[in-house]
Peer 1: 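I'd like to ask you about the structure that follows.
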Amino acid sequence: MRIDVVTIFPEYLAPLRAALLGRAIDRGLIEVGVHDLREWTHDVHRAVDDAPYGGGPGMVMKPQVWGDALDDVCGPRSRLVVPTPAGRPFTQATARRYAAAEHLVFACGRYEGIDQRVIDDAARRMPVDEVSIGDYVLVGGEAAVLVMAEAVVRLLPGVLGNPVSAEQDSFSDGLLEGPSYTRPEVWRGLAVPEVLRSGHHAAIDRWRRDQALMRTFRRRPDLLAALPDGSLDEHDRRL
Ligand SMILES: COC(=O)COc1cccc(COC(=O)c2cn[nH]c2)c1
């Protein structure tokens with residue numbers, strides 16, 4: 001997989017080359033390119049934004065600059081991903097879909113956003129997703145790209161030490177992950193739940209699922225409502 005990022009703050013994407021993602025790059029599992037949008041500006045002031053048509057606060061990112069940048073960065077098999085508060089939710093399902101992509105190009109918007117025609121023009125020749133990583137507003141898309149890149153790259157074969165954990169992720173069964181424990185058995189007077197030390201794997205699996213269901217019910221009832229029919233058995237329903 002290749003990932004390219006276009007941004008006016010390329011240094012913001014330096015963490016892409018650290019730790020897990022850095023190792024994935026070193027091992028040739030992914031290629032990463034970060035591009036300074038200003039390389040495609042045409043004027044002496046290297047302007048990337050201008051006043052919004054229709055008035056209103058803030059500035060809008062210029063279509064010409066973005067158009068030229070994406071012409072150079074995107075190829076015939078690219079998927080363009082634009083982080084925006086106005087996007088469809090980025091979920092684990094999105095991450096799985098992106099992990100199968102050959103070439104992801106992330107366009108980092110700033111100010112009031114990118115001229116919509118850039119998206120509309122790109123959509124004529126490639127898949128374009130406007131995605132949100134949450135219901136809040138950032139100053140730019142760069143932090144969202146770091147989030148999405150991590151969620152996607154960790155799913156690639158060979159990136160994680162123990163691939164099983166990617167399968168048993170939170171959300172892989174549609175539920176939140178329950179609590180986890182490690183040694184010591186008692187810490188500051190708090191003991192590890194008995195069942196986890198019992199060695200009864202059926203009971204342990206049951207307890208873990210119950211914990212996941214209760215936590216999901218309490219914290220994210222919306223996820224419960226979204227479970228496919230038949231996901232909950234008789235025992236689950238009695239919780
Ligand atoms: C067409 O898309 C655009 O113009 C994007 O423009 C902007 C403008 C400001 C900030 C951002 C960054 O994304 C978020 O704030 C965001 C993403 N997820 N949750 C919050 C992007």
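In listed order, ligands and their atoms are each counted from 1. Hydrogens, waters and symmetry mates are skipped; everything else that's a heavy atom, side chains included, is used.
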Peer 1: Can a side-chain donor-acceptor contact be found between W66 and D115 if the only test is distance below 3.5 angstrom?
Peer 2: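 Note: D115 and W66 side chains miss the donor-acceptor criterion.
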
Peer 1: Among all protein heavy atoms, pick out the one at the shortest distance from atom 3 (C) of ligand 1; state its residue, atom name and that distance to 0.1 Å.
Peer 2: I114 N, 3.8 Å

Peer 1: So which heavy atom in the protein is nearest atom 21 (C) of ligand 1, and how far is it from that ligand atom?
Peer 2: P83 O, 3.4 Å

Peer 1: Determine whether a donor-acceptor pair (N or O, by modelled atom type, separation under 3.5 Å) exists between the side chain of S231 and the backbone of L227.
Peer 2: no

Peer 1: Closer than 3.5 angstrom, by distance alone: can the side chain of S78 be matched with the main-chain N or O of L80 as a donor-acceptor pair?
Peer 2: no

Peer 1: Could you give the distance from CG (L37) to CZ (R110), rounded to the nearest 0.5 Å?
Peer 2: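 That separation rounds to 11.5 Å.
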
Peer 1: Which bit of Y111 is near ligand 1, meaning a heavy atom under 4.0 Å away: side chain, backbone, both or neither?
Peer 2: backbone

Peer 1: Would you say the side-chain atoms of D236 pair up with the backbone N or O of D233, donor to acceptor, closer than 3.5 Å?
Peer 2: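 Between the backbone of D233 and the side chain of D236 there is a qualifying donor-acceptor contact (under 3.5 Å).
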
Peer 1: Looking only at protein heavy atoms, which one is nearest to atom 1 (C) of ligand 1, and how far off is it?
Peer 2: E130 OE1, 3.4 Å

Peer 1: If I take atom CZ from residue R97 and atom CZ from residue R79, how far apart are they, to the nearest 0.5 angstrom?
Peer 2: 5.5 Å

Peer 1: Quick one: which ligand 1 atoms are inside 4.0 Å of a heavy atom on V82?
Peer 2: 1 (C), 2 (O)

Peer 1: Check each heavy atom of M61 against ligand 1 and say whether those closer than 4.0 Å belong to the side chain, the backbone, both or neither.
Peer 2: neither

Peer 1: Considering only non-hydrogen protein atoms, determine which one is nearest to atom 6 (O) of ligand 1 and report residue, atom name and distance to 0.1 Å.
Peer 2: G113 CA, 3.3 Å

Peer 1: Can you see whether E130 engages T84 through a side-chain donor-acceptor pair at a distance of less than 3.5 angstrom?
Peer 2: no

Peer 1: I need the nearest protein heavy-atom contact for atom 10 (C) of ligand 1: residue, atom name and distance, please.
Peer 2: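 Its nearest protein heavy-atom neighbour is L138 O, 3.4 Å.
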
Peer 1: Are there over 12 heavy-atom neighbours, none belonging to E112, within less than 6.0 Å of that residue's CD?
Peer 2: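 More than 12 within 6.0 Å, yes.
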
Peer 1: Among all protein heavy atoms in this structure, tell me which lies nearest to atom 20 (C) of ligand 1, with the distance rounded to 0.1 Å.
Peer 2: Y136 O, 2.9 Å

Peer 1: Heavy atoms only, cut-off 4.0 Å: how does T84 contact ligand 1, side chain, backbone, both, or neither?
Peer 2: both

Peer 1: Verify, without hydrogens or angle tests, whether D129 (side chain) and V131 (backbone) share a donor-acceptor contact under 3.5 angstrom.
Peer 2: no

Peer 1: What residue and heavy atom of the protein are closest to atom 19 (N) of ligand 1, and at what distance?
Peer 2: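 Result: G134 O, 2.9 Å.
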
Peer 1: Among G87, G58, G109, which residue places a heavy atom closest to atom 7 (C) of ligand 1?
Peer 2: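 Among G87, G58, G109, the closest heavy atom to atom 7 (C) of ligand 1 belongs to G109.
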
Peer 1: Suppose I only count heavy atoms of S132 and a 4.0 Å limit; which atoms of ligand 1 are within that range?
Peer 2: 18 (N), 19 (N)

Peer 1: What do you reckon, does I133 have a nitrogen or oxygen under 3.5 Å from a nitrogen or oxygen of ligand 1?
Peer 2: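 Min N/O separation from ligand 1 is below 3.5 Å for I133.
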
Peer 1: Could you find the nearest protein heavy atom to atom 14 (C) of ligand 1 and give me its residue, atom name and distance?
Peer 2: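 I find the closest protein heavy atom is P85 CD, 3.5 Å.
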
Peer 1: Shared ILVMFWY cluster between V48 and V60, side chains joined below 4.5 angstrom?
Peer 2: no

